[in-house]
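Step one of this worksheet: look at the structure below.
Note that the numbering runs from 1 along the sequence shown for the chain.
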Amino acid sequence: MGKKKDEEVKVVQDLELLGEKAEHNKNVYELLDEAMFTSAHVKREEVRRGVVNIDNVYPTTEAETLKMKELLDKAENAFDDAHADDVTFLNERLNELRYIVDWSLDRHWTFSFKIILGVIISLFIFKQCSDSSKEDAQAVEKEIAVIEKWDKDEPVTIEEMLQNGSSLRYTYPDYSSAATYRRIAVNNLAYNISNARKSIEDNKQKLDTASTDAVKKRLNGYIASSEETIKKKTEEYEEIKNSDLNGLKKIAIKEKEVELDKYNSESGKMKFYFIFFIILTPLYIIANRPHGYNITKHRMEGEMLNGLRKAGWALAGVLAGVGASIGFVEVVTKWSDGSTTRSDDGTGPARMAAKIAFLAAALFVFCLTSCLIMTYSTISGLIRNYNWTAIFNKAKAATEKKA
């Protein structure tokens with residue numbers, strides 16, 4: 001299927017030319033013509049003109065291949081050996097067409113080592129992510145165990161926190177003790193309420209000078225949202241305020257259980273992907289061994305998949321190239337005593353972050369492309385390239401024979 005089109009067309013033209021000069025082998029030429037037009041890929045215009053692109057000669061099904069083989073056998077048996085030159089030409093044409101038949105009946109490995117490499121890298125990433133989420137889940141379980149052992153508590157009111165106003169800062173929850181948890185929880189609620197009140201005040205001032213109805217509508221929406229936040233956070237505070245030690249434990253454990261479910265879900269998802277692609281990789285190799293006629297039948301799809309694969313890998317290459325090209329700016333200072341010092345210009349951390357981001361994006365695109373193509377190719381290959389009914393019947397018959 002890799003010959004040039006002008007050479008392919010010439011094959012048929014020569015065949016027609018000799019066909020006109022060799023009436024004694026007229027039947028052979030007719031059989032060869034019929035064989036060349038067997039494939040469903042042969043266009044009507046090609047049949048009308050009697051000239052066909054060699055790529056379209058390749059059969060698309062087993063039935064077409066066997067029919068083509070039968071026609072070639074008939075043509076060979078119909079040779080008139082009295083004309084040596086004619087037979088030489090016909091043998092050349094027959095050999096070309098038999099190669100097409102043989103190639104179509106044979107199976108061919110079509111899997112890609114680069115796709116397998118991309119999936120192997122993905123397996124490593126899935127394993128690391130699964131283990132990381134599992135460790136996070138175990139850490140949360142330990143925090144829940146600490147919460148269950150709380151034995152002391154200290155009351156705190158939100159009014160005390162709100163008096164600090166602009167000095168309030170969000171603090172990550174601490175579950176080491178009931179008193180610490182309550183104080184931080186009330187602090188964070190006060191922080192959210194204080195910000196919502198300030199937002200309402202600012203938007204009301206803007207509302208007084210709003211020039212259009214659209215602006216007024218948007219500002220009123222912001223105000224309504226902030227009021228809803230105040231209402232919600234006040235309700236959460238009342239729940240914490242009215243909770244005794246056991247009630248506070250339940251609130252804290254409920255928060256941690258949400259976090260625990262998230263980590264367990266992430267770990268389970270990554271583990272599923274890991275197992276899925278562990279199983280899929282050998283199936284991908286097995287599935288991508290189609291007969292030649294199946295390659296021909298789905299050649300447009302194959303070209304599209306190759307295009308997608310090349311585009312994905314090209315994008316990954318560009319991202320990797322950009323990441324690798326990001327350098328660091330070094331400032332060299334020469335002092336009056338002749339000594340020199342070297343230091344970063346201050347953009348080092350940002351440049352490093354950008355470099356890592358581009359390289360990570362390149363790896364992500366490469367792995368994603370590989371995983372998607374492997375998944376599709378495996379499923380479609382297993383469906384198209386094997387006669388499962390015949391395989392199951394054969395296995396069933398062998399089992400019954402042993403029994």
_Tell me whether the rings of F113 and F111 are parallel (<30°), tilted (30 to 60°) or perpendicular (>60°)._
perpendicular
*If the plane angle is over 60° it's perpendicular, under 30° parallel, otherwise tilted; pick one for W150 and Y175.*
parallel
Can any side-chain N or O of [X] pair as donor or acceptor with the backbone N or O of [Y] at less than 3.5 Å?
X: S194; Y: Y191; value: no
X: Y284; Y: S112; value: yes
X: N203; Y: S199; value: yes
X: S267; Y: S130; value: yes
X: R299; Y: D55; value: yes
X: N393; Y: T389; value: yes
X: T281; Y: F277; value: yes
X: W109; Y: I285; value: no
X: N264; Y: K134; value: no
X: S132; Y: Q128; value: no

Flag if over 12 foreign heavy atoms under 6.0 Å of [atom1], [X]:
X: E154; atom1: CD; value: no
X: F364; atom1: CZ; value: no
X: F124; atom1: CZ; value: no
X: F358; atom1: CZ; value: no
X: K249; atom1: NZ; value: yes
X: K231; atom1: NZ; value: no
X: K256; atom1: NZ; value: yes

*Could you give me the CA-CA distance, side-chain angles and deciding distance for I147 and L248, then say whether side-chain contact (heavy atoms from CB on, under 4.5 Å) is met?*
CA-CA 9 Å; I147 294 170; L248 199 64; over 6 Å; no
Can you check whether [X] reaches [Y] side chain to side chain, under 4.5 Å on heavy atoms?
X: P59; Y: T38; result: no
X: W313; Y: F366; result: yes
X: N188; Y: Y172; result: no
X: H291; Y: D106; result: no
X: N187; Y: R169; result: no
X: E301; Y: Y376; result: yes
X: I240; Y: L189; result: yes
X: L363; Y: L319; result: no

_side-chain contact (heavy atoms from CB on, under 4.5 Å) evaluation trace for S104 with Y58_ = CA-CA 7 Å; S104 298; Y58 283 74; 4.1 Å; yes
Which atom names give the shortest non-hydrogen contact between [X] and [Y], and what distance separates them?
X: V28; Y: A75; answer: CG2-O, 3.6 Å
X: A287; Y: T378; answer: CB-O, 3.6 Å
X: I326; Y: R351; answer: CG2-O, 3.7 Å
X: R182; Y: P155; answer: CD-CA, 4.1 Å
X: A320; Y: L359; answer: O-CD2, 3.7 Å

Taking the basic N atoms (NZ, or NE/NH1/NH2) and the acidic carboxylate oxygens, is any pair closer than 4.0 Å for [X] and [Y]?
X: E96; Y: R93; value: yes
X: D73; Y: K69; value: yes
X: E201; Y: K206; value: no
X: E228; Y: K232; value: no
X: D213; Y: K217; value: no

When you check the side-chain N and O atoms of [X] and [Y], is any donor under 3.5 Å from an acceptor?
X: S177; Y: T180; result: yes
X: N95; Y: R98; result: no
X: Y181; Y: E255; result: yes
X: Y29; Y: E34; result: no

*Does the side-chain contact (heavy atoms from CB on, under 4.5 Å) test come out yes or no for S226 and I200, once each step is laid out?*
CA-CA 6 Å; S226 297; I200 291 173; 3.4 Å; yes
*asked:* Nearest 0.5 angstrom please: I275 CD1 to L123 CG, how far?
replied: 11.0 Å
_Quick check for you: to the nearest 0.5 Å, what is the distance between I120 atom CD1 and I115 atom CD1?_
12.0 Å
